[in-house]
Amino acid sequence: MSFPFDDGPPPGVSRREWRERNLDATASEPESPLAGLLGDTIPTAKPSAPPTILTVCTGNICRSPMGEVLLRARLEPLGVRVHSAGTHAMVGHGMTEQAQDLAVRAGASPEAASAHVARYLVEPLLAESDLVLAMSREHRSHVVQMMPSRLRQTFTAREFARLASTLTDDAVRAVADAAGADPRARLSAALRLLGDQRGLVLAAAEDDDVIDPYRRSQATYEASAAQLIPAIDEVERIVRAALG
């Protein structure tokens with residue numbers, strides 16, 4: 001590897017001064033994608049990304065956007081970013097009117113609910129997410145097949161709530177505190193603790209799914225929301241305990 005000061009300093013500048021000037025300039029440049037592989041160990045300071053939660057369903061017009069706008073209303077003040085996507089998204093469509101109404105009644109921002117636009121689930125969305133909340137086991141499987149490294153960060157919403165019910169706020173805070181001050185590290189530690197409960201809290205497989213209400217009755221929408229909202233309550237509780 002060559003450095004910009006290899007050609008020597010200009011007249012009147014010592015080699016040490018020239019080297020220090022160029023090292024300062026190099027340290028302020030973006031880090032190369034090949035850093036480490038080519039021996040370039042000069043770190044680049046980057047602002048820490050906020051903790052990010054991704055909700056996933058099929059069309060991204062009912063369940064996952066409902067979860068998104070509810071979590072956003074509750075967790076955005078804590079610096080948490082929440083978004084959603086669909087495995088077979090109806091790209092460009094908004095939330096159904098029934099889903100919007102239920103979300104707003106449960107505390108979501110009307111503006112956020114009406115502004116939603118469906119989009120496909122793609123790998124970059126998974127890569128940047130600290131927690132992925134799937135609306136069903138099928139969606140959870142889709143996420144893990146798309147990006148196996150997300151296994152320990154991916155739960156169905158109702159599975160998350162079931163596992164969280166075994167954990168106290170104090171237990172979550174203890175593992176988060178041990179992870180330090182970084183919000184993403186704290187959330188990651190809490191999710192590891194949550195994942196450790198898998199296999200210890202048994203339930204029927206279908207109990208981990210949120211009913212798909214699309215093109216179904218108002219009663220089905222109500223039943224879907226009744227399954228989702230208590231799960232959102234538990235997600236909020238665990239995230240607040242981890243970040244508090």
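What you see is a predicted model, and the numbers here were worked out from it, not measured in a lab.
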Answer yes if [X] and [Y] sit in the same cluster of Ile, Leu, Val, Met, Phe, Trp and Tyr residues linked by side chain heavy atoms under 4.5 Å apart, and no otherwise.
{"X": "L193", "Y": "L243", "answer": "yes"}
{"X": "V143", "Y": "L163", "answer": "no"}
{"X": "F155", "Y": "V80", "answer": "yes"}
{"X": "L151", "Y": "V132", "answer": "no"}
{"X": "L126", "Y": "L71", "answer": "no"}

Closer than 4.0 angstrom, basic N to acidic O: yes or no for [X] and [Y]?
{"X": "R63", "Y": "E68", "value": "no"}
{"X": "R137", "Y": "E159", "value": "no"}
{"X": "R158", "Y": "D208", "value": "no"}
{"X": "D196", "Y": "R192", "value": "no"}
{"X": "D169", "Y": "R237", "value": "yes"}
{"X": "E128", "Y": "R81", "value": "yes"}

If you define the side chain from C-beta out and look only at heavy atoms, does anything of [X] sit under 4.5 Å from [Y]?
{"X": "M66", "Y": "L102", "result": "yes"}
{"X": "Q100", "Y": "V69", "result": "no"}
{"X": "L191", "Y": "S188", "result": "no"}
{"X": "S84", "Y": "H116", "result": "yes"}
{"X": "I53", "Y": "D130", "result": "no"}
{"X": "M135", "Y": "V56", "result": "no"}
{"X": "I232", "Y": "R74", "result": "yes"}
{"X": "D233", "Y": "I229", "result": "yes"}

Between [X] (side chain) and [Y] (backbone), is there a donor-acceptor pair under 3.5 Å?
{"X": "R150", "Y": "V144", "value": "no"}
{"X": "R72", "Y": "V82", "value": "yes"}
{"X": "S114", "Y": "P110", "value": "yes"}
{"X": "N60", "Y": "R119", "value": "yes"}
{"X": "R140", "Y": "S136", "value": "no"}
{"X": "S129", "Y": "L131", "value": "no"}

Kindly give the heavy-atom pair with the smallest separation between [X] and [Y], and that separation in Å.
{"X": "V175", "Y": "A189", "value": "O-CB, 3.6 Å"}
{"X": "A49", "Y": "R184", "value": "O-CD, 3.1 Å"}
{"X": "A225", "Y": "P230", "value": "O-CD, 4.1 Å"}
{"X": "E234", "Y": "A164", "value": "OE1-CB, 3.4 Å"}
{"X": "V117", "Y": "G92", "value": "CG1-CA, 3.5 Å"}
{"X": "I61", "Y": "A118", "value": "CG2-CB, 3.9 Å"}

Which distance, rounded to the nearest 0.5 Å, do you find between the [atom1] of [X] and the [atom2] of [Y]?
{"X": "Q197", "Y": "F160", "atom1": "CD", "atom2": "CZ", "answer": "11.5 Å"}
{"X": "T55", "Y": "H139", "atom1": "OG1", "atom2": "NE2", "answer": "11.0 Å"}
{"X": "Q218", "Y": "D101", "atom1": "CD", "atom2": "CG", "answer": "7.0 Å"}
{"X": "L133", "Y": "C57", "atom1": "CG", "atom2": "SG", "answer": "12.0 Å"}
{"X": "L121", "Y": "S64", "atom1": "CG", "atom2": "OG", "answer": "9.5 Å"}
{"X": "Y221", "Y": "I211", "atom1": "OH", "atom2": "CD1", "answer": "12.5 Å"}

Crowding at CZ, R215 (>12 non-hydrogen neighbours, <6.0 Å):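 No, because the 6.0 Å sphere around CZ of R215 holds 12 heavy atoms or fewer from other groups.
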CD/E138: more than 12 non-hydrogen atoms of other groups inside 6.0 Å: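 For E138, atom CD is not crowded (no more than 12 foreign heavy atoms under 6.0 Å).
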Would you tell me whether Y214 and T58 have side-chain atoms, one donor and one acceptor, within less than 3.5 Å of each other?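 Not at all, the side chains of Y214 and T58 share no donor-acceptor pair under 3.5 Å.
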Report the C-alpha distance between R105 and E222 in whole Å, list the side-chain angles of each, state the deciding distance to 0.1 Å, and finish with yes or no for salt bridge (charged side-chain N to carboxylate O under 4.0 Å, His left out). CA-CA 11 Å; R105 280 163 46 190; E222 297 277 358; 3.5 Å; yes
Decide side-chain contact (heavy atoms from CB on, under 4.5 Å) for L187 and V239; before the verdict, give the C-alpha distance in whole Å, the side-chain angles of both, and the deciding distance to 0.1 Å. CA-CA 7 Å; L187 180 56; V239 173; 4.1 Å; yes
